[in-house]
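One is the number of the first residue; the rest follow in order along the sequence. Quick caveat, the model's predicted, so the values are computed rather than measured.
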Amino acid sequence: DVIEYQDEKSIMTNLTFYWKAFASMASGETAARRIAKMVAIEKANQAAQETYGTRCKALIETISSRADDFTRTIKVGEMSLDKIRGLLEEYGQFKKEEKIRLNDEKNAVSAALASIQTKMKSSGRPPFEPAGDQSMPVLEEMWLLLCLQGHAYEDMLQKLLEETK
């Protein structure tokens, strides 16, 4: 009802009603914004975890494949001197280019995991534990294997080169 003249009490009652109605709407909007923000953070964390898993798995597969390349055994007289030199040159290129790129990717994957762990901790979430085949210990173990097999392969080629001369 619209009344042309309202007394002071009526005005205060109406103002109180409007204030409460608008205040409850504002708190509802605030809660909705907070929930939306939490959902966005959770989605971003989930995407980062999936990206980490994909990158880590791909890197482990690449390192494993390259480590397998260096398990080949070559006997004296099996290859020409030029072929042995070519293999040594290929390995040298691997060390100068691909190994550095793989190490950079290993460091980037490690940094991504640290970032995820920090974000999870700061938002009060439990720590992210990657799947066993995507964990940093597995990645570090594969990296060590690559380094050891690469050195053994290079030593074998150097020895063959000396014995073939």
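Here the side chains of Pro137 and Glu141 are not in contact, with every heavy-atom distance at 4.5 Å or above. Looking only at side-chain heavy atoms (C-beta outward), Leu139 and Ile63 come within less than 4.5 Å of each other.
Residue His151 holds its NE2 atom at 5.5 Å from OH of Tyr91, rounded to the nearest 0.5 Å. Note that SG of Cys147 and CE of Met142 are 11.0 Å apart. Values are rounded to the nearest 0.5 Å. The CH2 atom of Trp143 sits 5.5 Å away from the CG atom of Leu102 when rounded to the nearest 0.5 Å. Atom CD of Gln93 and atom NZ of Lys96 lie 5.5 Å apart (nearest 0.5 Å). Here the CE-CD1 distance, from Met156 to Ile84, works out to 9.0 Å after rounding to the nearest 0.5 Å. With values rounded to the nearest 0.5 angstrom, Ile41 atom CD1 is found 11.0 Å from Met120 atom CE.
Closest heavy-atom contact between Ser135 and Gly132: OG-O, 3.1 Å. Annotation for Ala48 and Ile116: closest pair O-CD1, 3.4 Å, computed over non-hydrogen atoms.
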Check residues 67-79 and write down every donor-acceptor pair under 3.5 Å in which the side-chain atom is one partner and the other belongs to a residue at least two apart or another chain.
from	atom 1	to	atom 2	distance (Å)
Asp69	OD2	Arg66	NH1	2.6
Thr71	OG1	Asp68	O	2.7
Glu78	OE1	Lys75	N	3.3

Quiz: residues 53-60 side-chain donor-acceptor pairs under 3.5 angstrom, not counting sequence neighbours:
from	atom 1	to	atom 2	distance (Å)
Thr54	OG1	Glu50	O	3.0
Arg55	NE	Glu105	OE2	3.0
Arg55	NH2	Glu105	OE1	3.0
Arg55	NH2	Glu105	OE2	3.3

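Within 6.0 Å of CE in Met136 there are more than 12 heavy atoms belonging to other residues, nucleotides or ligands. Taking a 6.0 Å sphere around NZ of Lys99, one finds it holds more than 12 heavy atoms contributed by other residues, nucleotides or ligands. For Glu89, the CD atom sits in a loose shell: 12 or fewer heavy atoms of surrounding residues, nucleotides or ligands are nearer than 6.0 Å.
A distance-only check finds a donor-acceptor pair linking the side chain of Thr164 to the backbone of Leu160 [under 3.5 Å]. Side chain of Gln117 to main chain of Pro127: no donor-acceptor pair is present (N/O by atom type, distance under 3.5 Å, no hydrogens or angles). At distances below 3.5 Å, at least one donor-acceptor pair connects side-chain atoms of Tyr52 with backbone N or O atoms of Gln134.
When the side chain to side chain contact (heavy atoms under 4.5 Å, CB included) test is applied to Arg85, the partners found at least two apart in sequence or on another chain are Leu81, Asp82, Leu161, Lys165. Ala114 pairs by the side chain to side chain contact (heavy atoms under 4.5 Å, CB included) definition with nothing, not counting sequence neighbours. Evaluation of the salt bridge (charged side-chain N to carboxylate O under 4.0 Å, His left out) rule for Glu42 yields Arg125 as partners, not counting sequence neighbours.
For residues 27-46, no residue pair satisfies the ring pair (Phe, Tyr, Trp, His ring centres under 6.0 Å) rule, not counting sequence neighbours.
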Checklist line | side-chain contact (heavy atoms from CB on, under 4.5 Å) assessment of Glu90 paired with Leu87 | finding: CA-CA 5 Å; Glu90 284 177 22; Leu87 290 174; 4.0 Å; yes
Next item on the list: Run the numbers on Lys121 and Thr118 for side-chain contact (heavy atoms from CB on, under 4.5 Å), then give the verdict.
Entry: CA-CA 5 Å; Lys121 187 174 184 177; Thr118 301; 5.8 Å; no
